[in-house]
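Worksheet: the structure to be examined is printed underneath.
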There are 2 protein chains.
Amino acid sequence: MEECRKTLCTFSGLAMVKKGIKVNEKGIILVAVIKDVAKLAGVSVGTVSKYLNTPELLREDKRAAVEDAIQKLNYKPNLFARNLRVQDSKTIAVIAQEIRNPFHAALFNTIRKEAMKYNYSVVLYSLNDINGNFDTLFETLPIHYFSGVISCYFHDMEQSIDFAKRHSKVPMVIMTNSERYFDEYDSEKIVHADFTQGIQKVCEYLISLGNTRIAYIGCRTKDQLRDPKLKGFMLTMEKHRLEPHSIVRLEKEYTMQTGYESAEQILRSGQLPDAILSDTDVMSIGVLNCLRNHGIQVPDDIMLASFDNIEQAEYCNPRLTTLNVPIEAMSVKAVELLVAQMENRECKNTGNAFELELIIRETTKNR
Amino acid sequence: MEECRKTLCTFSGLAMVKKGIKVNEKGIILVAVIKDVAKLAGVSVGTVSKYLNTPELLREDKRAAVEDAIQKLNYKPNLFARNLRVQDSKTIAVIAQEIRNPFHAALFNTIRKEAMKYNYSVVLYSLNDINGNFDTLFETLPIHYFSGVISCYFHDMEQSIDFAKRHSKVPMVIMTNSERYFDEYDSEKIVHADFTQGIQKVCEYLISLGNTRIAYIGCRTKDQLRDPKLKGFMLTMEKHRLEPHSIVRLEKEYTMQTGYESAEQILRSGQLPDAILSDTDVMSIGVLNCLRNHGIQVPDDIMLASFDNIEQAEYCNPRLTTLNVPIEAMSVKAVELLVAQMENRECKNTGNAFELELIIRETTKNR
DNA sequence: TTGTACGCGTTATCAA
DNA sequence: TTGATAACGCGTACAA
C-alpha cells in the first residue's frame with residue numbers, strides 16, 4: 001500500500017504535474033477516474049462501467065448515485081484506456097490532399113461533421129505534407145489504430161486504390177473519380193463521380209460554343225496517362241477531330257499561383273486559344289488573374305471553364321463557368337458507408353455514384 | 001493458460017475481426033505487439049521498450065536483433081497503451097473557428113505542419129460546429145487527454161481567455177487580437193497581434209484618401225462592445241470627427257455570402273458611402289460581388305479595404321487592399337511556445353507580438 | 001442486479 | 001546492460 005502510493009506519487013503525479021494537471025499536495029491526481037466515481041457513489045467500478053455502457057441494466061437508485069458522482073467529480077472516461085481495452089479508437093483517418101484548397105476543406109469539414117454525428121473523431125492526413133508519397137503514409141500512419149479510413153486523394157487514384165488494397169481488412173471508403181475503379185474494388189467501399197464524363201461535359205459545352213482551339217490546364221500526376229480528366233478532354237477533342245491548342249501540366253500543386261503560371265505559359269506560346277479548360281476552380285482563379293494582367297478579356301477574348309464549383313466560383317469576377325462536384329453529398333455518403341462497415345451493418349451499395357452538373361456563369365458565352 | 005487463450009479468442013480476436021484486422025484461424029491477432037517482437041528478437045519486452053525510447057542504452061547486438069524483429073513483424077507501438085502508461089498523448093487540440101475560411105485553414109495547416117516537426121499530432125475543434133459555445137466545448141473536449149491546446153478563436157476573445165483561465169494548468173497558447181489581454185494572462189502563453197491598431201491603420205489610410213463617409217462591415221460578436229476591430233474603427237473616426245456612414249454587423253458567419261448581404265444592406269440605406277471597411281477579406285469578396293451586381297465600380301464609386309490578406313486577396317478582381325496578418329508566422333510561434341510549455345522548457349517571451357502591415361492593391365486609390 | 005478479477009500493450013522501477 | 005513485474009484506466013466474463 002505504501003509502495004503503491006509512492007508509485008502514484010512519482011509516476012502519475014509527476015507525469016501529471018508535467019502535463020499541468022491539478023494534483024494535491026500529496027501528488028495525488030485530482031482528475032477523477034472510474035475508481036473515484038465508484039467510491040463516491042458507493043458502488044463498484046463494474047457498476048460505473050455499466051452505467052457508461054449499458055445504463056438500462058442498472059437499478060434506478062444506483063444509476064442516480066453514479067450519475068451524481070460523475071457530475072460532482074466532472075468525470076470523463078479515459079479514452080486511451082477504453083480504446084486499449086476494446087481495441088477500437090472510434091476515430092476515422094481522412095487521407096486528403098491539401099486542406100487549404102477550398103474543395104478539400106469543404107470535403108474534410110463535411111466528413112468531420114458527419115463523423116461527429118456517429119460519435120467518431122476525425123484525424124487528417126494530408127498527402128501534400130509528404131509530397132503525395134503513399135509509401136511514407138504507409139509507414140507513418142498507424143492504420144490499425146483507426147476504426148476506419150476515408151481516402152479522398154483524387155490526385156493519384158492508382159496509388160489510392162493500391163493503398164486500400166494493401167489494407168483490405170481495414171474498414172475503408174475511397175472516393176474515386178473514374179469508372180475503371182469499380183471493377184477493381186468492392187463497390188460498397190466506393191463513392192464515385194466520373195471525372196472523365198464530367199470533363200467531357202465541359203469540353204463538349206466549350207466546343208458547342210464554337211471554340212476549336214482549346215487549351216487544357218492541369219497538374220502533372222504521377223500516372224499521367226490515366227488522369228481521368230485529361231482523358232475526358234482528349235476523348236472529346238478526338239471525337240470532334242480537334243487538336244488541343246496546348247496542354248499545360250506543371251509539376252506543382254493545385255494553387256491559384258500555379259493557375260497563374262500555367263496561363264502565362266499558354267500566353268507565351270504565341271497564338272491565343274479560343275478557350276481554356278482548367279481542371280480545377282482554384283487554378284482558374286489564377287488564370288483569370290493572369291489574363292487580366294495581360295489585358296485579355298474573359299469571355300470575349302478567351303473563354304474559361306473548369307471543374308469543382310467551389311463556393312468562390314460564384315464570387316470571382318467574372319464568375320466561373322464550372323462543373324459542380326457534389327462534394328458535401330459525397331462526403332456524407334462516404335461516412336455513411338464507412339460507419340456501416342465499421343459496425344458490420346449491411347449497407348445498400350446503390351446511390352454511390354454522383355452526377356456532375358454543368359454550371360454556366362460568366363466566363364463563357366455564345367459567340 | 002487455456003483460459004487465457006480462450007479469452008484472447010473471444011475478446012481480442014472478435015474485437016479485431018470486427019475491426020477487420022487480420023487474425024489467424026485460432027483467432028490470434030496477427031498485428032505484432034511488443035511481446036512478439038521480444039520473442040522473435042530473443043529479448044525481454046523491457047529491452048524492446050528501451051530500444052524504442054532510449055536505444056543508446058542498448059548493446060549493439062541486442063539493438064540490431066530488436067531492429068530486425070521490428071522490421072520483420074512491421075511492428076508499430078500501440079499509441080493507446082503508450083499514452084495510457086505515460087499519461088501523455090503527444091496530441092495538440094486546436095480550437096479554431098471554421099476550417100473552410102481560408103484564413104483559418106492557413107492557420108490550422110501551419111500549426112499541423114509545425115506540430116508534426118515536434119512529433120505531435122493535431123486535432124481540430126471547430127467552434128462553428130457548436131455555435132461558438134465555449135460551454136459546449138468545455139463539456140465535450142476531453143482536455144486532459146491533450147498534451148496542450150492552441151486556442152485561436154478570435155471571434156470572442158473574452159470567452160477564449162475565460163476558457164483558458166478555467167484550464168490554467170493545461171499547457172496552452174492563445175492567439176489574441178488586443179493589447180488588453182496582455183495583463184490578464186501570462187505573456188508566454190500569448191501570441192499577439194493588435195487588431196485595434198490594425199484597423200486604425202486601414203481606417204487612417206481610407207481617410208487619408210479623402211473618404212469621409214465610411215461604412216463598416218463585420219459580424220456580430222457576443223461581446224460587441226469590446227470587438228477590437230470595431231473599436232479601432234470607432235476610435236479613428238472619432239479622432240477625425242467623422243460619423244460612420246453605417247455599421248453593419250449581421251449575426252451570421254464570416255462568409256462571402258454574409259459579405260454580400262452586408263453590402264446589400266448598406267446599399268439599401270440610400271446614400272452610398274465613399275468607402276467600405278470590411279473586417280475580413282472573405283467578407284470583402286462578397287462585397288465586391290454585390291457591388292458589381294449593382295453596377296457600382298470599385299474603387300471609383302466606392303473604395304474597399306479589409307483585413308487578413310488571405311491568398312485570395314491578391315487574386316480577386318479588383319485585387320483587395322487589405323491588412324496583412326502574418327498568420328503563418330504567428331502559428332509557428334504558437335507551436336514553439338506550446339512545445340516549450342509542454343516540455344517544461346523556458347522560452348523567452350519576446351517576439352510574440354506581430355506587426356500588421358497595410359497592403360495596398362486595387363480596391364483603393366488616390367482620388 | 002452487482003462485484004471481482006483479469007487483461008488490453010506499454011513504460012518505469014528495481015534487482016540482478 | 002538486461003529482465004521481471006507492477007501499474008496506467010477501463011470493459012467484460014463470471015461468480016455471487
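Sequence lines set the chain letters: A, B, ... in the order given, protein chains first and strands last, and positions in each chain run from 1.
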Check: Base, sugar-phosphate, or nothing: which does B:Val43 touch, judged by heavy atoms less than 4.0 Å apart?
Finding: sugar-phosphate
Margin query: For a quick test of reading the model: is some side-chain N or O of A:Arg59 closer than 4.0 Å to OP1 or OP2 of C:dT1?
Written below: no
Note to self: Please report the distance, rounded to the nearest Å, between NZ in B:Lys39 and P in D:dT2.
What the structure shows: 20 Å
Checklist line | Gap between atoms CG and C1', on A:Leu84 and C:dC8 respectively (whole Å) | finding: 4 Å
Check: Under 4.0 angstrom, heavy atoms only, what part of the nucleic acid is A:Tyr75 near: base, sugar-phosphate, or nothing?
Finding: sugar-phosphate
Next item on the list: Check every strand shown and say whether B:Leu79 touches a base, only sugar-phosphate, or nothing at a heavy-atom separation below 4.0 Å.
Entry: nothing
Notebook entry, point to check: Among D:dG11, D:dG9, D:dG3, which is the nearest nucleotide to the side chain of A:Arg82?
Noted result: D:dG11
Notebook entry, point to check: With a non-hydrogen cut-off below 4.0 angstrom, is A:Asn53 in contact with a base, only sugar-phosphate, or nothing?
Noted result: sugar-phosphate
Checklist line | Options C:dT10, D:dA13, D:dC8, nucleotide nearest the side-chain atoms of A:Lys50 | finding: D:dA13
Check: Nearest-Å distance, CG (A:Asp61) to C1' (C:dT1)?
Finding: 10 Å
Item checked: Euclidean distance, atom CD of residue B:Glu60 to atom P of D:dT2 [Å, nearest integer] -> 11 Å
Check: How close or far is atom P of C:dG9 from atom CG of B:Asp88, stated in whole angstroms?
Finding: 21 Å
Notebook entry, point to check: Picking from C:dT4, D:dG11, C:dG9, which would you name as closest to the side chain of A:Ser44?
Noted result: C:dT4
Notebook entry, point to check: B:Asp186: what forms a salt bridge (Lys or Arg N to Asp or Glu O under 4.0 Å) with it, not counting sequence neighbours?
Noted result: none
Notebook entry, point to check: Taking the side chain of A:Leu52 as its heavy atoms from C-beta onward, which of C:dT2, D:dG11, C:dG9 lies nearest to it?
Noted result: D:dG11
Checklist line | pair B:Asn352-B:Ser187: side-chain heavy atoms closer than 4.5 Å | finding: no
Check: Side chain of B:Arg85, base of C:dT11: donor and acceptor closer than 3.5 Å?
Finding: yes
Margin query: Five pairs per end, C1' atoms only: what is the angle between the end axes of the helix from C:dT1-D:dA16 to C:dA16-D:dT1, to 10 degrees?
Written below: 40°
Item checked: Rounded distance in Å - NZ (B:Lys76) to C1' (C:dT10) -> 17 Å
Next item on the list: Look only at the side chain of B:Ser151 and the backbone of B:Ile95, and say whether a donor-acceptor pair between them is shorter than 3.5 Å.
Entry: no
Item checked: ring-ring contact (aromatic ring centres under 6.0 Å, His included) contacts in which one or both residues fall within residues 71-93 of chain B, not counting sequence neighbours -> A:Tyr145-B:Phe80
Check: At under 4.0 Å between heavy atoms, what does A:Lys62 touch on the DNA or RNA strands: base, sugar-phosphate, or nothing?
Finding: sugar-phosphate
Margin query: Check whether A:Glu114 reaches the backbone of A:Glu336 with its side chain - one donor and one acceptor, N or O, closer than 3.5 Å.
Written below: no
Next item on the list: Rounded off to whole Å, could you give me the CD-to-C1' distance for the A:Gln87 and C:dT10 pair?
Entry: 12 Å
Checklist line | Exam field: side chain A:Asp162 to backbone A:Glu158, donor-acceptor pair closer than 3.5 Å | finding: no
Checklist line | Upstream residue (5' side of DNA chain D) when B:Leu58 and B:Ala81 are each assigned their closest nucleotide | finding: B:Leu58
Item checked: Integer-rounded Å distance: D:dC8 P and A:Asp36 CG -> 11 Å
Next item on the list: Could you tell me whether the phosphate oxygens of D:dT2, OP1 or OP2, come under 4.0 Å of any side-chain nitrogen or oxygen in B:Thr47?
Entry: no
Margin query: Within this structure, what is the NE2-CG distance for the pair A:His104 and A:Leu124, rounded to the nearest 0.5 Å?
Written below: 10.5 Å
Check: Between A:His167 and A:Phe163, does the ring centroid distance fall short of 6.0 Å?
Finding: yes
